[in-house]
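Remarks on the structure that follows.
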Amino acid sequence: MRRDRASDIIIKLQGKNLDFHTETFLLEIPSSNINNMEPENDTQISEFILLGLPVEQELQPFFFGLFLSMYLISIFGNLLIILATITDSHLHTPMYFFLSNLSFCDMLSITTTVPKMLMNMQKQRKVISYGGCLTQMSFFLFFSGFNDFLLAVMAYDRFMAICHPLHYTAIMNPQLCILLVMVCWILSALHSLLHSLMMLRLSFCSPLEIPNFFCDLNLMIQLACSDFFLNYIVMYSGAVVLGGGPLAWILFSYSKIVSSICVISSAQGKYKAFSTCASHLSVVSLFYGTCIGVYLSPTASHSSHSNAAASVMYTMVIPMLNPFIYSLRNKDIKEALKIFLMGNP
């Protein structure tokens, strides 16, 4: 109100062509009123609102118990895989070394999103701080990227084992395996850091409601009131290069693997060769199939709760299923788990 009155007085004084400058009059206005004339800064936000899953209020306890069970099963199952590969000397091979890293990544990935969702469901409070949202987004991108790269590395390991069995031990030595995993971690960290820095340049406008149970990169960009075209360019370019690159390598590796399996004369040899790839193929199909269905489907709505329901697949279901996929069809893993749990060699 004071700002409007001051503006009216200035206009009237200018219209009368008075001898003194309007700047002199402005000096007589209290500094507090001048400060009030400055526009509000939209970037000074403190929190986002996670709308969560489209679950009825009376069904909240059921889904809370369901998601908590899925989280605990995922943590316990992946932890068993890691302990089994560490304690059993027969599993000290490149394939199981990569598998233990995949399990470790799944544990951290699901911990990035699910505990916060469970806390919001329990307290009926859907707020997450601005810093917490950026942190959650960064770690989720980091672990998702590592999962993507590691699946390509595991495909390379199967390619060398089946297509070049005589040179497998010499090529896939421990030094190379450690180097490949370190490269996966570094590339994932750089990818996550790039998107985090790009998000810091955006300003946001109310309402700051994210129609999901975690801070998804695409949904956060859509909330920006500043120019986010460059963010979209970086996001889709990264998806093509860092997502399509590993997928293309996986498809190439398995095309060579299939060609090598077809050359094997005995049916038993073909089955044994294919069985070593079945678990990895299942995980690859789940991971890429779900991501493509959520982000690239023509019917996917990134501003609706349907996307949040679909996100449950790759944030909770896949990390929970991976230990079962690798253990149920793998005799070595089952024997190692039996020894670890029962203590009978």
Side-chain angles (χ1 to χ4, degrees), residues 48-56 59-60 62-75 78 102 105-122 125-128 132-148 151 188 191-192 195-196 199 208-223 231-232 235-236 238-239 242-243 247 282-322 325:
F48 288 91
I49 299 176
L50 297 174
L51 298 182
L53 295 170
V55 177
E56 298 294 336
L59 296 177
Q60 289 276 353
F62 169 77
F63 281 97
F64 176 84
L66 175 63
F67 295 144
L68 178 61
S69 301
M70 294 172 65
Y71 175 71
L72 294 177
I73 291 172
S74 177
I75 294 295
N78 284 290
L102 180 65
C105 176
D106 285 339
M107 290 174 58
L108 297 180
S109 178
I110 195 172
T111 302
T112 302
T113 57
V114 176
K116 177 60 179 177
M117 181 192 68
L118 294 176
M119 186 183 303
N120 289 347
M121 293 179 67
Q122 182 68 19
R125 189 171 182 268
K126 301 180 179 181
V127 172
I128 183 172
C133 196
L134 287 181
T135 302
Q136 186 186 63
M137 180 207 72
S138 300
F139 277 105
F140 182 76
L141 289 174
F142 176 56
F143 296 126
S144 298
F146 179 78
N147 201 330
D148 185 27
L151 289 176
S188 304
H191 175 238
S192 174
H195 284 297
S196 300
M199 288 298 298
L208 299 172
E209 297 179 346
I210 301 177
N212 211 326
F213 58 89
F214 70 100
C215 295
D216 183 75
L217 172 64
N218 186 38
L219 298 179
M220 290 182 66
I221 292 177
Q222 292 184 21
L223 295 178
N231 290 73
Y232 267 126
M235 182 179 69
Y236 285 111
L242 302 181
L247 179 59
S282 302
V283 173
V284 168
S285 301
L286 278 174
F287 180 78
Y288 284 102
T290 305
C291 292
I292 291 174
V294 171
Y295 291 107
L296 300 182
S297 173
T299 58
S301 176
H302 297 290
S303 60
S304 65
H305 283 292
S306 60
N307 186 58
S311 300
V312 174
M313 278 295 297
Y314 64 88
T315 56
M316 283 186 275
V317 176
I318 293 179
M320 182 187 68
L321 290 181
N322 283 353
I325 293 174

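The chain is numbered in sequence order, starting from 1.
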Handout entry: Side chains of S311 and N212, donor plus acceptor under 3.5 Å
Key = yes
Handout entry: Min side-chain heavy-atom separation M199-I221 under 4.5 Å
Key = yes
Completion exercise
Between the CD1 atom in I73 and the CE atom in M320, the distance rounded to the nearest 0.5 Å is 6.0 Å
Handout entry: Contact summary for L151 and Y288, nearest pair of heavy atoms
Key = CD1-CE1, 4.3 Å
Handout entry: Close side-chain approach of C215 and L134, heavy atoms under 4.5 Å
Key = no
Problem - 4.5 Å side-chain heavy-atom contact, F214 and T315 - result: yes
Handout entry: Evaluation steps, side-chain contact (heavy atoms from CB on, under 4.5 Å), between V312 and F213
Key = CA-CA 9 Å; V312 174; F213 58 89; 3.9 Å; yes
Exercise for the section: For S144, check side chain to side chain contact (heavy atoms under 4.5 Å, CB included) against everything at least two apart and list the hits. Expected result: F140
Exercise for the section: Please report the closest heavy-atom contact between S188 and G145, naming both atoms and the distance. Expected result: OG-C, 3.2 Å
Practice task
Give the minimum heavy-atom separation between P319 and Y314, together with the two atoms involved.
Solution key: CD-O, 3.9 Å
Practice task
State, with a plain yes or no, whether a side-chain heavy atom of F67 is found less than 4.5 Å away from one of L53.
Solution key: yes
Exercise for the section: List for me each residue that meets side chain to side chain contact (heavy atoms under 4.5 Å, CB included) alongside L321, sequence neighbours excluded, and say none if there are none. Expected result: L286, V317, I325
Practice task
Considering non-hydrogen atoms only, spot the tightest contact between Q136 and T113 and give its length.
Solution key: NE2-CA, 3.8 Å
Practice task
Working to the nearest 0.5 Å, report the span between CD1 of I75 and OG1 of T111.
Solution key: 3.5 Å
Handout entry: pair I210-C133: side-chain heavy atoms closer than 4.5 Å
Key = yes
Practice task
Please tell me if the side chains of S196 and M137 come closer than 4.5 Å, counting only heavy atoms from C-beta onward.
Solution key: yes
Problem - Nearest-0.5 Å distance, CG of residue N78 to CG of residue L108 - result: 10.0 Å
Handout entry: From CE (M316) to OG (S109), nearest 0.5 Å
Key = 11.0 Å
Handout entry: From CD1 (I49) to CD (E209), nearest 0.5 Å
Key = 5.0 Å
Practice task
Would you name the heavy atoms of L217 and L141 that are closest together and state the gap between them?
Solution key: CD2-CD1, 4.2 Å
Handout entry: Under 3.5 Å donor-acceptor, S74 side chain and M70 backbone
Key = no
Problem - Nearest atoms (heavy-atom pairs only) where F143 meets C105 - result: O-SG, 3.2 Å
Problem - Residue pair Q222 / Y232, side-chain heavy-atom distance below 4.5 Å - result: yes
Exercise for the section: With sequence neighbours excluded, tell me which residues meet side chain to side chain contact (heavy atoms under 4.5 Å, CB included) with Q122. Expected result: F64
Practice task
State the CG-CG distance between N322 and N147, to the nearest 0.5 angstrom.
Solution key: 7.0 Å
Exercise for the section: Side-chain contact test, heavy atoms from C-beta onward, threshold under 4.5 Å: evaluate it for M220 versus H195 and give yes or no. Expected result: no
